Amino acid sequence: MAADTPDPTPAARAWQRMLSGRRLDLLDPSPLDVEIEDIAHGLARVARWNGQTEGDHAFSVAQHSLVVEAAFCAARPQASPDERLAALLHDAPEYVIGDMISPFKAVVGGGYKLVEKRLQHAIHLRFSLPADLPAGLTRAIKRADRVAAWFEATRLAGFSEAEAQKFFGRPRGITGDRFALEPLPTRAAQTAFLSRFSTLEALRGRPRIREAS
């Protein structure tokens, strides 16, 4: 092909248009293109466990996020509003890239994780959180995530307790009756997520996130 001949192959589209009107670049996401309404809308429509759960409705990532934040607060009642918000937003990139189950993530490899990390950085910066959370806080949120996963697995996804313990570990000192595990309709999950976000925003004095032990 001559040097001055235009390449007829169009560049692959790497952005997604949101209902807010934002265009979020998946390869280089900008915090300015992140809106909480888009996050809540998307997460309320992404099913946990690939939709393989009991109930008339999917158990959404929005509802899972609320359970994780509740488990995090139960374990760390003195956590700051910033830290609680970080727990609520721990799966926020899935409003764009969906909830890929762990076995498939292992097959896909590092590409997925890189896109996920870039999105998480943009989301954190949009809401005045550190792009990279302190390691101790990340571990605490991950522990809360496993607590949520164990209860979801045994109450909703058909796992036996022995099987769930193998993959997620059995929670200690906490019972599932303190969490909202009944799958909600999409709009209700979206509203609940936005309500909790608004509550945390109202509480935030924007303190620096302290290093967790």
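Remember, predicted model here, so these are calculated numbers, not experimental data. For the single chain, residues carry numbers from 1 onward in sequence order.
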Quick one: does Asn50's side chain have a donor or acceptor within less than 3.5 Å of a partner on Gln52's backbone?
-> no
Can you check whether Leu24 reaches Arg17 side chain to side chain, under 4.5 Å on heavy atoms?
-> no
What are the two closest non-hydrogen atoms of Leu89 and Leu129, and how far apart are they?
-> CD1-CD1, 4.3 Å
Is the closest basic N to carboxylate O distance between Glu35 and Arg126 below 4.0 Å?
-> yes
Decide salt bridge (Lys or Arg N to Asp or Glu O under 4.0 Å) for Asp82 and Arg204; before the verdict, give the C-alpha distance in whole Å, the side-chain angles of both, and the deciding distance to 0.1 Å.
-> CA-CA 6 Å; Asp82 276 23; Arg204 293 177 77 196; 2.7 Å; yes
Side-chain touch Phe159/Trp150, heavy atoms, less than 4.5 angstrom | no
Drop me the distance from Thr154's OG1 to Glu161's CD, to the nearest 0.5 angstrom.
-> 6.0 Å
Is the shortest heavy-atom distance from the side chain of Met18 to the side chain of Val96 under 4.5 Å?
-> yes
Distance-only donor-acceptor check, side chains Ser65 and Asp91, under 3.5 Å | no
Nearest heavy atoms of Leu43 and Ser60, plus distance in Å | O-CB, 3.5 Å
Run the salt-bridge test on Asp33 and Arg23 with the 4.0 Å N-O cut-off and return the result as yes or no.
-> no
Side-chain heavy atoms of Phe72 within contact of Val67, under 4.5 Å | no
SB check Lys166 Glu163 (cutoff 4.0 Å) = no
Partner residues of His121 under the ring pair (Phe, Tyr, Trp, His ring centres under 6.0 Å) criterion, sequence neighbours left out | none
Compute whether any side-chain donor of one residue and acceptor of the other, for Arg45 and Gln190, lie under 3.5 angstrom apart.
-> yes
Under 4.5 Å between any side-chain heavy atoms of Leu119 and Val34, yes or no?
-> no
Quick check, are the ring centers of His64 and His90 under 6.0 angstrom apart?
-> yes
May I ask you to test the Asp38-Tyr95 pair for a side-chain heavy-atom distance under 4.5 Å?
-> yes
